[in-house]
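All values derive from a computational prediction rather than experimental measurement. For the numbers below, each heavy atom of this structure counts, side chains included, while hydrogens, waters and symmetry mates do not. Residue numbering restarts at 1 for every chain, and letters A, B, ... go by the order of the sequence lines.
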Protein chains: 2
Amino acid sequence: MNTLAEENYLKAIYKLSCAEGNVSTNQIATELATKASSVTDMVRKLADKALVNYARYQGVSLTHTGEKIALNIVRRHRLWEYFLVEKLHFKWDEVHDMAEEMEHISSTELINRLDAFMGYPTRDPHGDPIPDCDGNIKASALKPVSAVKANTSGVISGVGDHSTPFLQYLEQQKLTIGKRVMVKEIIGYDNTVILEMDNKQLHISRDVANNILIAI
Amino acid sequence: MNTLAEENYLKAIYKLSCAEGNVSTNQIATELATKASSVTDMVRKLADKALVNYARYQGVSLTHTGEKIALNIVRRHRLWEYFLVEKLHFKWDEVHDMAEEMEHISSTELINRLDAFMGYPTRDPHGDPIPDCDGNIKASALKPVSAVKANTSGVISGVGDHSTPFLQYLEQQKLTIGKRVMVKEIIGYDNTVILEMDNKQLHISRDVANNILIAI
DNA sequence: TTATTTTTTTAGACTTGCCTAAAAATTACA
DNA sequence: TGTAATTTTTAGGCAAGTCTAAAAAAATAA
Ligand SMILES: [Mn+2]
Ligand SMILES: [Mn+2]
Ligand SMILES: [Mn+2]
Ligand SMILES: [Mn+2]
């Protein structure tokens with residue numbers, strides 16, 4: 001099996017390579033709040049174990065095996081988040097750090113039974129898809145509300161930022177998963193987005209708009 | 001907070017000091033399947049943190065703080081075992097290793113909600129008492145069936161060995177928690193114990209008898 | 001009480017994962 | 001294209017936790 005540190009690196013590389021192709025040393029360092037030199041060390045070790053493709057100065061990508069493992073960690077993370085919200089009644093902004101620890105519990109049988117116990121959920125509390133036990137994951141075609149044309153309507157289906165303050169703000173504004181919103185206007189001056197929801201209008205900043213993902 | 005290794009040492013010391021007072025270096029080494037020299041190192045560190053009382057060659061005991069922490073780890077271990085058996089339908093011989101990992105999940109709020117979710121169980125699947133959130137634990141006055149007089153009747157309420165083979169053997173013989181048994185006779189020759197259960201007689205070895213605990 | 005055995009501690013070393021500082025490679029840009 | 005800025009790697013070191021081998025202390029036996 002892989003160490004806790006290795007698992008965290010694989011998950012970070014997976015997350016970063018969803019956005020772009022090859023992942024840079026500095027990106028990984030930022031994501032894991034560590035130093036570039038530490039990343040170089042670890043990436044070499046992962047390359048020795050054939051979990052990533054790596055050549056000096058070229059960045060890194062997951063091998064097939066590495067991606068399988070990463071998807072498994074993501075599966076565990078999201079299933080535990082679902083458990084914490086649905087069974088233990090935590091709020092969606094409270095569960096990330098706990099799941100960050102729980103995702104490293106190694107038993108596959110445990111996670112499969114947890115999955116069954118909860119009725120095979122397909123999305124975590126933040127709208128992210130949960131990979132099945134074979135590592136299959138639905139790529140969701142979501143768009144930030146900042147990236148759609150005026151008068152486009154859609155359902156909030158995900159968030160681009162999982163931080164507690166951001167999620168609490170959304171909660172407070174009732175901008176939660178499943179809500180239907182209409183983008184009324186995007187102000188040219190500072191990219192403020194005017195949303196309509198429940199027949200009320202709501203102004204949100206560019207940063208917030210970038211991190212609310214809707215299915216159209 | 002304490003590291004995973006520190007937590008495992010504290011739990012081991014707690015377990016050993018329930019049987020006797022001061023715990024020896026070698027006892028800890030055996031319990032944790034490590035070497036005496038490693039134990040000396042760690043015990044020093046725990047003494048520096050004021051979690052154990054230690055003087056060279058004198059063995060070790062938990063301080064009040066150390067015992068509180070140990071009880072908390074025991075609480076987490078037993079609550080997760082209960083969860084695995086009652087909610088995920090694992091068998092009592094399958095859960096120990098998983099709980100060994102899960103007991104290190106640090107959130108107190110999580111464990112308290114888990115406790116509530118399961119209805120505040122008082123005993124784990126092996127009959128061991130679960131400390132409450134303040135660290136109070138019921139000392140159970142159980143006796144091995146090897147230590148009672150002939151014609152004593154009692155209810156199986158705990159086990160002295162948590163290993164998979166032993167628990168599977170008990171399961172197979174239907175010698176499970178809650179069953180009422182009567183000690184009919186202890187054979188002098190090899191301490192075989194003759195039990196009566198459900199109006200049937202059953203011979204068990206000295207080793208097995210030492211590890212079946214009954215409430216009289 | 002002395003000698004032997006056992007237990008415990010010390011000394012020194014190794015791995016993992018991380019760090020800082022300096023060197024090397026790459027990229028940006030004037 | 002050549003210089004400057006940025007990124008990445010290397011070099012060297014540190015803390016945690018473990019190990020083996022040897023020394024010291026304690027317990028046991030003669
Ligand atoms: Mn993690
Ligand atoms: Mn999530
Ligand atoms: Mn443990
Ligand atoms: Mn147990």
Side-chain angles (χ1 to χ4, degrees), chain A residues 1-17 19-62 66 69-70 73 100-101 103-104 106, chain B residues 1-17 19-62 66 69-70 73 100-101 103-104 106:
Chain A
M1 252 307 96
N2 306 294
T3 66
L4 188 142
E6 286 168 349
E7 290 196 342
N8 284 335
Y9 273 88
L10 290 173
K11 190 170 63 126
I13 295 164
Y14 173 80
K15 181 178 170 186
L16 293 168
S17 53
E20 307 165 51
N22 261 32
V23 177
S24 79
T25 301
N26 262 4
Q27 285 178 293
I28 299 170
T30 304
E31 175 71 22
L32 292 175
T34 185
K35 295 301 153 79
S37 54
S38 306
V39 174
T40 302
D41 285 351
M42 179 58 88
V43 149
R44 290 195 121 94
K45 198 194 305 182
L46 294 174
D48 287 347
K49 296 178 91 172
L51 302 178
V52 300
N53 306 114
Y54 168 70
R56 281 189 348 294
Y57 296 101
Q58 307 281 109
V60 76
S61 65
L62 293 173
I69 295 169
I73 301 161
E100 204 61 43
E101 292 182 53
E103 71 191 359
H104 303 289
S106 59
Chain B
M1 252 309 95
N2 306 294
T3 65
L4 188 141
E6 286 168 350
E7 291 197 343
N8 284 335
Y9 273 87
L10 289 172
K11 191 170 61 126
I13 295 165
Y14 173 80
K15 181 178 170 187
L16 293 168
S17 53
E20 307 165 52
N22 262 32
V23 177
S24 77
T25 302
N26 261 6
Q27 283 178 295
I28 300 171
T30 304
E31 175 70 22
L32 292 175
T34 185
K35 295 300 152 80
S37 54
S38 307
V39 173
T40 301
D41 285 351
M42 178 58 88
V43 149
R44 291 196 119 93
K45 198 194 305 181
L46 294 174
D48 288 347
K49 297 179 90 172
L51 303 178
V52 300
N53 307 114
Y54 168 71
R56 280 191 346 296
Y57 296 102
Q58 308 280 111
V60 77
S61 65
L62 293 173
I69 296 169
I73 302 162
E100 204 60 43
E101 291 181 54
E103 71 191 1
H104 303 289
S106 59

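Looking at A:E31 and A:V23, their side chains never come closer than 4.5 Å, going by heavy atoms from C-beta outward. The side-chain heavy atoms of A:I13 and A:L51, taken from C-beta on, include no pair separated by under 4.5 Å. The side-chain heavy atoms of B:Q27 and B:V39, taken from C-beta on, include no pair separated by under 4.5 Å.
Along DNA chain C, the nucleotide nearest A:Q58 and the nucleotide nearest A:D41 are compared for position; the residue whose nucleotide lies closer to the 5' end is A:D41. Toward the 5′ end of DNA chain C lies the nearest nucleotide of A:M42, the other residue of the pair A:R56 and A:M42 mapping further downstream.
Across A:A70 and A:Y14, no two heavy atoms sit closer than the pair CB-CB, 3.6 Å.
Put simply, A:T34 has a side-chain N or O that comes within less than 4.0 Å of OP1 or OP2 on C:dC19. Of the side-chain N and O atoms in B:R44, none sit less than 4.0 angstrom from OP1 or OP2 of C:dT9. Between C:dT16 and A:Y9, no contact under 4.0 Å exists linking OP1 or OP2 to a side-chain N or O. For C:dT10, neither phosphate oxygen OP1 nor OP2 lies less than 4.0 angstrom from any side-chain nitrogen or oxygen of B:T40.
Taking atom CG of A:L4 as the reference point, atom P of D:dA16 lies 17 Å away to the nearest angstrom. A straight line from CG of B:L32 to P of D:dC19 spans 10 Å, rounded to a whole angstrom. Rounded to whole Å, atom P of C:dT7 lies 15 Å from atom CD1 of B:I28. The distance between atom CD of A:E6 and atom P of C:dT15, rounded to the nearest whole Å, is 15 Å. If you take CG of A:D48 and C1' of C:dT15, they are 14 Å apart, rounded to a whole angstrom.
Of the candidates C:dT7, C:dC18, D:dT10, the closest approach to any side-chain atom of B:N26 belongs to C:dT7. Comparing D:dT18, C:dC18, D:dT8 by their nearest atom to the side chain of A:T25 picks out D:dT8.
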Check nucleotides 20-24 of chain D against the protein and report each pair of N or O atoms closer than 3.5 Å, with its distance, or say if there are none.
unit_1 : atom_1 : unit_2 : atom_2 : d
D:dT20 : OP2    : B:K35  : NZ     : 3.0
D:dT20 : O4     : B:S37  : OG     : 2.9

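Nucleic acid contact for B:A36: base, since at least one base atom lies under 4.0 Å from a heavy atom of the residue.
Remark: B:E101 pairs with no residue by the salt bridge (Lys or Arg N to Asp or Glu O under 4.0 Å) rule, at least two apart or across chains.
Formation of a donor-acceptor pair under 3.5 Å by the A:N22 side chain with backbone atoms of A:Q58 is found in this model.
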From CA spacing to verdict: salt bridge (Lys or Arg N to Asp or Glu O under 4.0 Å), B:E100, B:K11:
CA-CA 11 Å; B:E100 204 60 43; B:K11 191 170 61 126; 2.8 Å; yes

